[in-house]
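Working notes for the structure below.
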Amino acid sequence: MTRVGEARTSAAGGRRPAGRRIADHGSWFLVLPALVPILVLSVGPLLYGVLLAFTDAQSGRTAATRWIGALNFRDLLHDTLFWESFRIGLVWAAGVTVPQFLLALGLALLLNQDLRLRGLARALAIVPWAMPEVVVGIMWRLVYNPDAGVLNETLRDLGLGSGRDWLSGLATALPAVIVVGVWAGLPQTTVALLAGLQNVPRELHEAAAVDGAGAWRRFRTVTWPALRPVALAITALNLIWNLNAFALVYVLTSGGPGGRTRLPMLFAYEEAFRYGQFGYAAAMGCVLVAVVSVLLAVFLAGRLRGGDEA
C-alpha cells in the first residue's frame, strides 16, 4: 500500500495543475490576434508561392496548371539575366547598407550631444522616414532631371559642366539610385543607433575621460561595446530591406537603362506581371528567400563570433 501511495503521489506530482493548464490555453487566445494575421498574410502566401514555383502557372491560360517539379529551378540556373540582376542586387545592397550605417552612426553621435536646437535637429533628421518611397522617387527624379534638375543647375552654376542625364546613363544610373537609397534609409538607422547611444551610461564616459582616454578611445572601449547589439540588429534588417527593394528603384528607373538597375525583385515582377510567368517568378522568389537567408546567417554568425572574441 505504501508503494502504491508513493506511485500515485509521484504521478500526481508529475502532472501540471489544472489551473496551470487552463492558463496555458488562455495564453493562446491572447496570442491569436497577433498570430492569425501573420499566418494569413505572411506564412500562407509564402507557402502558396513555394507550391506555385513547382507548377507552370501562367496568366491568361485556359488549360489547367500542371505540376512540373523542379523544371523552373533548372531553367533558373541557366538564366544569365536573373543572375546578373542578382549581382546588381548585391552591389545595391552593399552600396546602400554600408554608407547608410556609417553616416547614420556619425549623425547619431552628433544628435546625442548637448547641442542647441537639438530637438529640432532630431525632428528634421527623420523627415525622409515620413515620406512614402513613391514620393521620394518622384522627388529625386526631379533632382536628377537633365534639363532643370537641382543637381545639374548647381553643377552649371559652379562651372563643373553642362550637366548630364544621371538616371539614363549606363555608368551613372546605379550610383545615382544608391545615393537615393542611402538618403531614404538614413533616418531609421539613425533613430535606432541614437536610441542605443542613450542607453550608454554617462558615468562610464566621465570615468574614461578622467583616466585620460581621448574621444576615439572612449568610443572604442565604452560606446561601441554597448552599441554593438543595436548596430548588428539594424544592419541585418537594412540588409534584408535593401535586398528586397522594389518601389524606390521602380519609380526612379524601372530597372533601366539596359538593365543596369534591374534588381532581383524587379526582374521577378516583370516575369510575373509583364510576361505572365507566375510559376517561374515564384521560383525566383524562392531562390531569393533562400540566398538572402544564407547570406544573413553568415553575416550574423560572423558578427556574433566577432563579438564573442571581443
### Query
Can you list the steps and then say if R262 with E84 is a salt bridge (charged side-chain N to carboxylate O under 4.0 Å, His left out)?
CA-CA 9 Å; R262 185 187 288 127; E84 175 63 16; over 6 Å; no
### Message
Checking N152 against W166: is there a side-chain donor and acceptor pair closer than 3.5 Å?
### Response
yes
#### Entry: Heavy-atom pair with the smallest gap, counting every atom of G169 and P257
O-CG, 3.8 Å
### Message
Side-chain heavy atoms nearer than 4.5 Å, only ILVMFWY residues, links allowed to pass through others: does that put W216 and W224 together?
### Response
yes
### Query
Shared ILVMFWY cluster between W83 and L71, side chains joined below 4.5 angstrom?
no
### Message
Could you tell me if the side chain of W129 sits less than 4.5 Å from the side chain of V191, heavy atoms only?
### Response
yes
### Message
Within the structure provided, determine whether E133 and V251 are in side-chain contact (heavy-atom separation under 4.5 Å).
### Response
no
### Passing candidate, side chain to side chain contact (heavy atoms under 4.5 Å, CB included) with V96, options V182, V91, V179
V182
### Message
If hydrophobic clusters are built by linking Ile, Leu, Val, Met, Phe, Trp and Tyr wherever their side-chain heavy atoms come under 4.5 Å apart, do I68 and Y48 end up in the same one?
### Response
no
### Query
Do I88 and R260 touch side chain to side chain, with heavy atoms closer than 4.5 Å?
no
### Interatomic distance, T55 atom OG1 to R66 atom CZ [nearest 0.5 angstrom]
10.0 Å
### Task
Would you give the length of the straight line joining atom CE of M284 to atom CZ of F267, rounded to the nearest 0.5 angstrom?
4.0 Å
#### Entry: Side chains of L193 and F101 in contact at under 4.5 Å (non-hydrogen atoms)
yes
### Query
Can you tell if the side chain of L77 reaches within under 4.5 Å of the side chain of R74, non-hydrogen atoms only?
no
### Task
Verify whether one side chain among Y280 and D56 offers a donor that lies under 3.5 Å from an acceptor in the other.
no
## Note on the structure
What one should report as the nearest heavy-atom pair of V136 and W183 is CG1-CZ3, 3.9 Å
### Task
Hey, could you give me the CZ/CG distance between R122 and L110, rounded to the nearest 0.5 Å?
10.0 Å
#### Entry: Shortest non-hydrogen contact between A108 and L194, atoms and distance
O-CD1, 3.6 Å
### Message
Between V134 and I138, is there a side-chain heavy-atom distance shorter than 4.5 Å?
### Response
yes
#### Entry: Criterion side chain to side chain contact (heavy atoms under 4.5 Å, CB included) on L105 and L227, from CA distance to verdict
CA-CA 10 Å; L105 180 59; L227 194 61; 3.7 Å; yes
### Message
Is it the case that the side chain of D165 and the backbone of P146 share a donor-acceptor pair, with hydrogens and angles ignored and the cut-off at 3.5 Å?
### Response
no
### Summary
For L167 and A176 the tightest heavy-atom approach is CD2-CB, 4.1 Å
### Task
For D75 and F82, run side chain to side chain contact (heavy atoms under 4.5 Å, CB included): C-alpha distance rounded to whole Å, both residues' side-chain angles, the deciding distance at 0.1 Å, then the answer.
CA-CA 10 Å; D75 294 340; F82 172 74; over 6 Å; no
### Query
Roughly how far, to the nearest 0.5 Å, is CG of N112 from OG1 of T223?
8.5 Å
Report all side-chain donor-acceptor pairs from residues 238-250 shorter than 3.5 Å, counting only partners two or more places apart or in another chain.
unit_1 : atom_1 : unit_2 : atom_2 : d
N238   : ND2    : Q100   : OE1    : 3.2
N238   : ND2    : T189   : OG1    : 3.0
N238   : ND2    : I234   : O      : 3.3
N242   : ND2    : T97    : OG1    : 2.8
N242   : ND2    : N238   : O      : 2.9
N244   : ND2    : I240   : O      : 3.1

### Query
Does V127 belong to the same Ile/Leu/Val/Met/Phe/Trp/Tyr cluster as L142, with side-chain heavy atoms less than 4.5 Å apart forming each link?
no
#### Entry: Minimum-distance pair of heavy atoms, taken over all atoms of P264 and F86
CG-CA, 3.7 Å
### Message
Could you see if V180 belongs to whatever hydrophobic cluster contains L103? Use Ile, Leu, Val, Met, Phe, Trp, Tyr and a side-chain cutoff under 4.5 Å.
### Response
yes
### Message
Let me confirm one number: the CG-CZ distance from L151 to R156, rounded to the nearest 0.5 Å.
### Response
9.5 Å
### Task
For the pair F54 and F73, name the ring-plane relationship: parallel under 30°, tilted 30 to 60°, perpendicular over 60°.
tilted
### Query
How long is the gap from SG on C286 to CG on L52, to the nearest 0.5 Å?
9.0 Å
### Query
Between T261 and T253, is any side-chain donor less than 3.5 angstrom from a side-chain acceptor?
yes
### Message
Quick check: closest heavy atoms across D147 and N145, and the distance to 0.1 Å?
### Response
N-OD1, 2.9 Å
